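Since the structure is predicted, the reported quantities are computational estimates derived from the model, not experimental observations. Because only heavy atoms are used, hydrogens play no part in the values below, and waters and symmetry mates are left out as well, while side chains stay in.
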Amino acid sequence: MNRNRLRHAWVVLKLFVAHYRQAPLQATAILVGIILAVTLFVAVQAINLNAKRSYSESTEQLSARAQSMIIPLSGQDTIPESLYFELRQSGLSASLPIIEGRVRDEQGRRWTVQGSELIAAITSGLHYNENNTQVSLFNGSFPLPRLLAGEPIVMMSKAQAERMGVSSQIVLDDVGVEVVVLPDEWQLGSRLLMDIGFAQQLLNNPSKLSYIAIFEPTANAITDLIQGKAQWVINTQETDLDALTESFHLNLTAMSLLAFVVGLFIAYNGVKYSLLKRNRLLVQMRQSGTLASAVLIGLLTELFILVAVGSSVGFILGVQLSHWLHPTVALTLEQLYGATLLPGTWQWQWWIQALLLTLFATSIACVQHFRQRINQPLSSHGGFYQLPENNQATKLFMLGCLLSIIALLGLWLSQHFRFTMAWLGLFIVSIPLYLPKVLHQLALWSEKRTQAGLIQYLFAELKELIAPLSLAMMALLLAVTANIGMNTLVGSFEYTLKQWLEQRLHADIYVSPSQREMGNVEKKLESFDGISTVYKQYYVDDTTQGVPITLGTKDTASFEQAIVFKSSVDDFWQRFYAGELAAISEPMAVTLGLELDDELKLDSLPKHALSVGAIFHEYGSPKGEVLISPTLWFEQGFTPIPTSLGIKVLGDKNAMFQALQEQLDLHPSQLYDQAQIKSIALDIFSRTFAVTSALNAVTLMIAVIGLFSACYMLLDARKAAIARLYALGVRRRNLMAMMIGQIGALVAFTLVIALPLGAIVGYVLTDIVTLRAFGWSLTYLWSWGDAMTVCVITLLVAIVATFLPLWRLVNRPVVSGLQSEVL
């Protein structure tokens, strides 16, 4: 029996192959959906997994990953170099001294430089890293002797050198240096690496270190040695970056899964159409004695082959797309989170993952249809137009409403952004279930309000077209809803950011000298003619409850003019200046669950009790920030050198720019006006959303391709009806206009549904997801202009995409169309 079943299944497969040779479009429609779905899925998987690999393999430059670090005491920027030598003498050999800082080149561009003891870096890298490719770097061109001799040489990543247009020489803080380009695998990112001696000289920090990296387990004696001089911490960079970037990667994953679902709608539509076109063939096979189980095996095998081919092609395209998107993602993560990504790689496991996921999803969706076709009565004929039962459409509508209500309740009750995204996903999945019922009602409503003629025929036939086109319209609905929601988020974020910058940027000019010149520039600005006020900000890194934060203070004028409060206690300023209260950023309040009057414990102020007196808006970084009074800052011995300076100009701003350049010997790029700061902030903002916006646009493109495929597959089914109209005297021009009108009406009805749903999705993304993920509360801004732009573009693109199949249908010979009705 089994051998007989296999023989029948083989015959069935040969029949299916012969069918697809005659109708390749059907197989192509299925493959297009699978390829597009897998492409986006694999691309984002590659980006996310490469990012997480980069975090886990984060290294000290030219060296292995540090197990722990010795860092300055809270509130201090450096540790004495002598401590490193004491540790070496105590037997701690696997350690690496590091100094970091920022300098400027001759064009005024800021660079982060890092200096280390290269011999120690090489030794620890070769001994502790399993990948010994480091050896190749020091054979031939690597100028190790010259570096150790203290010559002005810096090392730069290949990608950064190409991006910044740097060749073999660069001038840093008026010092000419030679540039050596290293492979991107060394994770330099945008940083410059040099020998520690030259770095200390360039940064004007002789005998100072930023931290010491440790590559082996530590002893208690060594811990006692640094007591009161520095602090010992475990290297949690991987964990910190994972936590910081978690919401960013989750957003990418959500967009890829949406595109995956849209692609599967297209593939499912292709499978359903193929089954309808083969309905007579399937009946004839059963009538000829072919076993039902053999036909089912043949259909499942066919599906597996199509999924395997589509997943393989999608995997290749997805890996290539990830390479195209990788630079944008890397730049975003580095600027927003300080994370450096390794060059992108691929893994064959992603192909297996995409294949299994696609096969599972398509099998679940298609098996029921396979069984229905196999078990249908042997006397059935079956046409293409099969209107869904009104009860079934009603049931889908009721199910969609139920799922939407559950999802909205979940959104209201959930607190963590991961659960919020899951409930939002359920809401988006429920959206297409409304479509068959609502489209049918809209078509019926339109038919009743039109006069007899071609226009009424348009809507009467449109009711019949809803069934074969419903899946394509569901995909389009999902894509447009996500597009409108994402555009609402971007527009709200941009509006909120601009409003925040208007109040935050209170100085006329911001001065950004190198850190070693900051003290001198501050003193000269105090007595500079034409300046009424000098604004100062001070910041150091700190931790609270084990979470890294930024601790800072400002001058009184900056506090009262630039801080944008979300909430504060009534007598905040009086108690704040008295050192009783602190102000914390909104991201910190959301992350740690802090509210007004809660106790705040800072590692750098262990003996000073502080309470949360105010929560202020901060859209520059999702990292936490705490502000204390200037008096408390200086009493606790924090650095008296400002981190940044701003000035209020009495006269002409342009004349002040010129005077500051000449008298303080500043480069033009070290002076910023408000417009420049806003431009830089908005540029970073644009790059942050560049990837998700690109994925959003691709998702919409996939949906339009699905609509094109559906219209193309309808050619044979509609040619008899079009031929009859032509035979009755309707001109080809009017027929073309009617058919374009049908597609336009169907897309317009879908857009009517997408608008309110997109507004809801945008509200959830803006007011719920962003707050819980980043700690940023945004002003929800609904833009009718942006929404109408998306709708008009979608409508035009859909009409253009479907013009070719419609034009082919209208221009077919009338006789062949009339014959097809009989045949």
Side-chain angles (χ1 to χ4, degrees), residues 33 37 257-258 260-273 275-276 360-373 376 382-411 422-447 459 461-482 485 703 706-707 709-710 713-714 742 745-761:
L257 289 177
L258 176 63
F260 184 75
V261 170
V262 171
L264 288 185
F265 265 111
I266 299 172
Y268 176 66
N269 193 39
V271 171
K272 198 174 178 183
Y273 173 80
L275 288 174
L276 288 169
F360 175 78
T362 52
S363 299
I364 292 296
C366 299
V367 164
Q368 184 62 27
H369 288 290
F370 291 166
R371 293 185 178 278
Q372 288 177 356
R373 294 297 166 185
Q376 65 182 318
F384 186 81
Y385 290 133
Q386 293 182 358
L387 290 174
E389 296 180 5
N390 200 36
N391 288 339
Q392 184 181 1
T394 303
K395 288 178 181 178
L396 285 176
F397 183 83
M398 297 298 293
L399 178 61
C401 291
L402 178 62
L403 292 178
S404 295
I405 293 172
I406 294 173
L408 292 174
L409 287 174
L411 286 169
W423 288 117
L424 179 61
L426 178 62
F427 177 74
I428 291 177
V429 167
S430 71
I431 288 174
L433 302 180
Y434 307 141
L435 204 59
K437 180 71 173 179
V438 176
L439 286 180
H440 188 270
Q441 291 299 318
L442 288 173
L444 183 63
W445 178 85
S446 301
E447 181 189 5
F459 289 109
E461 191 185 31
L462 186 61
K463 292 186 298 182
E464 196 174 356
L465 290 174
I466 290 173
L469 288 177
S470 61
L471 288 172
M473 301 316 299
M474 285 181 180
L476 187 66
L477 176 64
L478 280 176
V480 174
T481 300
L707 181 58
S709 301
M713 290 185 295
L714 274 172
Q742 286 177 332
L746 202 56
V747 173
F749 290 161
T750 304
L751 294 175
V752 168
I753 304 170
L755 278 173
L757 295 175
I760 296 174
V761 171

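- Qualifying side-chain hydrogen bond (donor to acceptor under 3.5 Å, both in side chains) partners for S430, counting only residues two or more places apart in sequence or in other chains: S404.
- With contacts defined as side-chain heavy-atom distances shorter than 4.5 Å, the pair Y434/L477 does not qualify.
- Taking CG of L476 as the reference point, atom OG1 of T481 lies at 9.0 Å (rounded to 0.5 Å).
- Considering every non-hydrogen atom in both G485 and V761, the closest pair reads CA-CG1, 4.2 Å.
- For L396 against P436, the heavy-atom pair with the smallest separation is CD1-CG, 4.4 Å.
- Atom CG in L435 sits 7.5 Å away from atom CG in L746 (nearest 0.5 Å).
- Taking E447 as the reference, K463 meet the side-chain hydrogen bond (donor to acceptor under 3.5 Å, both in side chains) condition, with sequence neighbours excluded.
- Looking at residues two or more places apart in sequence or on another chain, you find a side-chain contact (heavy atoms from CB on, under 4.5 Å) between L442 and V438, F749.
- Atom CG of residue L408 and atom CH2 of residue W423 lie 10.5 Å apart, to the nearest 0.5 angstrom.
- Scanning all heavy atoms of the two residues, the minimum distance from T750 to M473 falls at OG1-CE, 3.1 Å.
- L399 pairs by the side-chain contact (heavy atoms from CB on, under 4.5 Å) definition with L403, L433, not counting sequence neighbours.
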Fill in: Step-by-step side-chain contact (heavy atoms from CB on, under 4.5 Å) determination, L757 to F427
CA-CA 10 Å; L757 295 175; F427 177 74; 4.1 Å; yes
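- Here CZ of F397 is found 9.0 Å from CD of Q441. Values are rounded to the nearest 0.5 Å.
- Interatomic distance, CG of L478 versus CE of M474, reported as 9.0 Å (0.5 Å rounding).
- Taking 4.5 Å as the limit, some side-chain heavy atom of V480 sits within range of a side-chain heavy atom of L751.
- To the nearest 0.5 Å, atoms CG (L411) and CD1 (I406) are separated by 12.0 Å.
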